[in-house]
Amino acid sequence: MSENTLRRAVAEMIGAFTLTFIGAGAAAASGVAHDSALIGVAVANGLAIGVMVCALGPISGGHFNPAITFGFLVTRRIKPVLAGVYWVAQLGGAALAALLVKDLLPRATTEAVNLGVPALGHGVNASSGFLLEAVLTFFLVLVVFGAAVDQRGPFNAVAGLAIGLTISIDVLFGGPFTGAAMNPSRAFGPQLVGDHWSNGWVWYAGPVLGATVAALLYHYLFKPEPEPAAT
């Protein structure tokens with residue numbers, strides 16, 4: 001592994017670690033505080049990603065999400081081998097974060113929220129959850145491509161803010177219904193450490209579908225037109 005690839009992998013691991021550590025921790029904290037509102041959890045998740053995109057985006061691109069990496073892969077913005085490295089780093093970072101949350105917080109606190117594992121809400125079946133996760137991830141990846149990938153205009157300078165806010169609004173809507181993970185690694189870490197796998201495929205297939213549609217749409221419909229040849 002080259003030094004540059006290692007730097008990228010470590011950045012992706014830290015970013016994915018941060019999201020799962022803060023996301024699962026915020027879920028546990030809301031239970032301790034008896035706060036049933038979603039505002040705190042939504043803000044915590046959005047800020048976690050926003051600050052990490054600002055800090056580490058210049059190093060790795062700030063994916064921190066296997067679904068986003070898949071969107072980059074299908075639009076040929078990342079090589080398959082590097083994408084594989086990113087996935088290992090993202091899943092590993094999330095698993096480490098979940099392990100630390102489990103070990104550092106009181107057992108009763110983490111068990112009350114199943115270690116922050118995303119779950120289907122009352123009355124939401126797996127197929128509905130799958131489509132909800134796909135739509136929420138579509139919004140996220142569309143913003144990633146518009147704010148962080150597209151170099152037109154000044155928007156890439158505030159990419160972290162735009163991406164973080166998208167995560168927050170997605171959690172505000174989707175949190176009670178699917179947990180609004182939008183990220184396979186965010187689901188994987190707590191699922192692995194807590195051994196909670198009920199309807200687990202929802203948080204892998206849904207985000208990958210949503211990311212693929214958003215990435216291909218932006219790539220083929222919204223990408224800049226080539227400059228006309230000089231005469």
So which heavy atom on [X] is nearest to which on [Y], and how close?
| X | Y | value |
| --- | --- | --- |
| V141 | A215 | CG1-N, 4.1 Å |
| P176 | V171 | CD-O, 4.2 Å |
| S185 | Q90 | CB-O, 3.7 Å |
| V85 | A9 | CG1-CB, 3.7 Å |
| S30 | A27 | OG-O, 2.7 Å |
| A44 | I22 | O-CG2, 3.6 Å |

Looking just at side-chain N and O atoms, do N199 and W201 make a donor-acceptor pair shorter than 3.5 Å?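 No pair is found: no donor N or O on one side chain lies under 3.5 Å from an acceptor on the other.
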Assess the side chains of N4 and S2: does a donor N or O sit below 3.5 Å from an acceptor N or O?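 Per modelled atom types, N4 and S2 side chains form no pair under 3.5 Å.
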Could you give the distance from [atom1] ([X]) to [atom2] ([Y]), rounded to the nearest 0.5 Å?
| X | Y | atom1 | atom2 | answer |
| --- | --- | --- | --- | --- |
| W87 | F70 | CH2 | CZ | 6.5 Å |
| L161 | I49 | CG | CD1 | 13.5 Å |
| T110 | D103 | OG1 | CG | 9.0 Å |
| S60 | M13 | OG | CE | 12.0 Å |
| F130 | L209 | CZ | CG | 4.5 Å |
| L142 | T137 | CG | OG1 | 12.0 Å |

Less than 4.5 Å apart, side chain to side chain, heavy atoms only: is that true for [X] and [Y]?
| X | Y | result |
| --- | --- | --- |
| P118 | R186 | yes |
| F139 | I169 | no |
| R8 | L82 | yes |
| F21 | V101 | yes |
| L19 | N45 | yes |
| N114 | P190 | no |

F145 vs T75, side-chain contact (heavy atoms from CB on, under 4.5 Å): CA-CA, chis, key distance, verdict: CA-CA 11 Å; F145 271 71; T75 54; 3.9 Å; yes
Taking [Y] as the starting point, is it possible to reach [X] by hopping between hydrophobic residues whose side chains are less than 4.5 Å apart?
| X | Y | answer |
| --- | --- | --- |
| V135 | I163 | yes |
| L132 | Y204 | no |
| V10 | V51 | yes |
| V74 | V144 | yes |
| L216 | V213 | yes |

Give the ring-plane orientation class for H63 versus F72, where under 30° counts as parallel, over 60° as perpendicular and anything between as tilted.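 Rings of H63 and F72: tilted, 30 to 60°.
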Between Y218 and F222, how do the two ring planes meet: parallel, tilted or perpendicular, split at 30° and 60°?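 Answer is perpendicular, since the angle exceeds 60°.
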Residues in salt bridge (Lys or Arg N to Asp or Glu O under 4.0 Å) contact with R77, at least two apart in sequence or another chain: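 Partners of R77 by the salt bridge (Lys or Arg N to Asp or Glu O under 4.0 Å) criterion come out as none, since no residue qualifies.
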Counting N and O atoms only, with roles assigned by atom type, does the side chain of [X] sit under 3.5 Å from a partner on the main chain of [Y], one being a donor and the other an acceptor?
| X | Y | value |
| --- | --- | --- |
| W203 | T178 | yes |
| N65 | M182 | yes |
| E111 | T109 | no |
| S128 | V124 | no |
| N183 | F64 | yes |

T166 and D170: CA distance, side-chain angles, deciding distance, side-chain contact (heavy atoms from CB on, under 4.5 Å) verdict: CA-CA 6 Å; T166 305; D170 277 358; 4.3 Å; yes
Apply the side chain to side chain contact (heavy atoms under 4.5 Å, CB included) test between L73 and each candidate in I68, T212, I78; give the one that qualifies.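 Among the candidates, only I78 passes.
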Checking L120 against N125 for the side-chain contact (heavy atoms from CB on, under 4.5 Å) test, could you report, in this order, the C-alpha distance in whole Å, the side-chain angles of both residues, the deciding distance, and whether it holds? CA-CA 7 Å; L120 298 177; N125 60 35; 5.8 Å; no
For L172, which residues count as a side chain to side chain contact (heavy atoms under 4.5 Å, CB included) partner, sequence neighbours excluded?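 Result, side chain to side chain contact (heavy atoms under 4.5 Å, CB included) vs L172: L38, I39, A42.
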Salt bridge check: are E3 and R7 linked by an N-O gap of less than 4.0 Å?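 Yes, E3 and R7 are salt-bridged.
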